Protein chains: 2
Amino acid sequence: MAAHDGSPRYHHDNLRSTLLSVARALLEEGGPAALSMREIGRRAGVSAPAAYHYFNSLDAIAAALAEHGFAELSESIAAALAGPRRNLLAGGIAYVAFARANPGLYRLMFGEGFQAYSRGNEAIRALRMQVYRQMKDDLEKHLTPGNVPNAALFLWSLTHGLALLTIDGQVEPGADPDAKVEDILKLAGMGLPAAR
Amino acid sequence: MAAHDGSPRYHHDNLRSTLLSVARALLEEGGPAALSMREIGRRAGVSAPAAYHYFNSLDAIAAALAEHGFAELSESIAAALAGPRRNLLAGGIAYVAFARANPGLYRLMFGEGFQAYSRGNEAIRALRMQVYRQMKDDLEKHLTPGNVPNAALFLWSLTHGLALLTIDGQVEPGADPDAKVEDILKLAGMGLPAAR
DNA sequence: GATCCAATCTTTACAGTGTTAAAATCATGC
DNA sequence: GCATGATTTTAACACTGTAAAGATTGGATC
């Protein structure tokens, strides 16, 4: 079969990355539960078992997507921390913005997503810890060392919780979502408003 | 067939509640992903379609479990708020303790759990909002009204995030988990420790 | 250029799932 | 004692992930 026409070729050009991008689209359309080997194959114009040449299982595809996601998230936070505002608040805003922009991916990264309680999760837990570490490292520039561990867990819990509640539709978005996030995260810096 | 011997009877005595308790056990063993119509039937000693006399779908069983969970959680929080400490801190500790005691259920209540983005979730979102409302109502006793919305979202995010990170194994438990939770939640009341 | 090889993809098949439809069984009213 | 309605079963359909075996292809070697 000639290679220059549009007819479907037996050898796909770059199947591995096609599979991943198709899977990502699927993930954002229907959440982690919508990831399906057969549907991925279908959309890539290939039969389902073809994917097994590049990934051992559906979980492996999910893990690759999550890995990408962690890299993106980490980079996005780093950019915010190094940006014009140069502070933790900017990092937190970037964190929640990432979740809002990629809700399916964020759920995959931090939700059950995988066969819950199974092995593959070890790698994911490590990647999560890396995000945590990133936050912690920045905190060390601002706090006395003894306070860092609790402060880090405090901030991570707050940001993570806010991100999840946001993509779960439990927060009415409002006109400027970033501003709303900023309002909430600011409370972390000054504690609760004064009692009346 | 006589009814007084131990032989399996055609009519199960109280199948509906048996199904629910079996499902709950399954949920805590393997998380929301482990919920399976056929396995539920198997454990209840009944064939799978039997369950359809009491529930329209697997999602309906999950929804019933979640509903129970919200009632339990709400009651547990209310008890803490009315208990000897009578403050929000006690409520937050109870909240996280509930998640730690019922991780599978908590994930079902607040995770994807269901066919993500599907209809059934409307009821769940409403039940979540009820928990939120409970927290908000208590906050109104302590804050000037204008501050309540943001403070409530702030506290819910923090508590929810901490609960999830805890059951996801991202927080090293330590000797007294409740004390650790208390340490973190206390930071909400006084903001971050002073900069050095 | 012909031939072989390894990589790539397809077909086929198996075990499992949720769910529906029809048939069987039972408990209970008359 | 029998019919009725509630309960449960069996059989079947369409779907899933994945393993095994075969078909196809591009590229290296002669």
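Given the structure is predicted, the values throughout are model-derived calculations rather than measurements. Note that these values count all heavy atoms, side chains included, but never hydrogens, waters or copies made by symmetry. Chain A is the first sequence line, chain B the second, and so forth, proteins listed ahead of strands; every chain is numbered from 1.
A:L15 has its CG atom 15 Å from the P atom of D:dG26, to the nearest Å. D:dT8 atom C1' lies 16 Å from atom CZ of B:F55, rounded to whole Å. Distance B:R16 CZ to D:dA6 C1': 16 Å, rounded to the nearest Å. The CG atom of A:N14 sits 15 Å away from the C1' atom of C:dC9 (whole-angstrom rounding).
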For residues 49-56 of chain A, please give each side-chain donor-acceptor pair under 3.5 Å, one per line with the distance, not counting sequence neighbours.
none

With a cut-off of 3.5 Å and sequence neighbours excluded, list every side-chain donor-acceptor pair involving residues 160-167 of chain B.
residue: B:H160; atom: ND1; partner: B:Y106; partner atom: OH; Å: 2.6
residue: B:T166; atom: OG1; partner: B:L162; partner atom: O; Å: 2.7

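Each salt bridge (charged side-chain N to carboxylate O under 4.0 Å, His left out) pair with one or both residues in residues 66-84 of chain A, not counting sequence neighbours, appears once here: A:R24-A:E72. Residue pairs meeting the side-chain hydrogen bond (donor to acceptor under 3.5 Å, both in side chains) criterion with at least one member in residues 31-45 of chain A, sequence neighbours excluded, are A:E29-A:R43, A:E39-A:R42, A:E39-A:R43. Annotation: ring pair (Phe, Tyr, Trp, His ring centres under 6.0 Å) contacts involving residues 22-47 of chain A, sequence neighbours excluded, are absent.
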Any protein N or O atoms within reach of nucleotides 13-16 of chain D? Criterion: under 3.5 Å, listing atom names and distances.
residue: D:dT16; atom: OP2; partner: A:R42; partner atom: NH2; Å: 3.0

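For B:A23, the side chain to side chain contact (heavy atoms under 4.5 Å, CB included) test picks out B:L35, B:I40, B:I61, B:L65, with sequence neighbours left out. Evaluation of the side chain to side chain contact (heavy atoms under 4.5 Å, CB included) rule for A:D168 yields A:R107, A:Q170, B:R128 as partners, not counting sequence neighbours.
Using a 4.0 Å cut-off on heavy atoms, the residues of residues 47-54 of chain B that approach DNA chain C are B:P49, B:Y52, listed by number.
For the pair B:N56 and A:G45, both in contact range of DNA chain C, the more 5′-proximal nearest nucleotide belongs to A:G45.
Inspection of the B:S74 and B:Q130 side chains reveals no N or O donor paired with an N or O acceptor under 3.5 Å.
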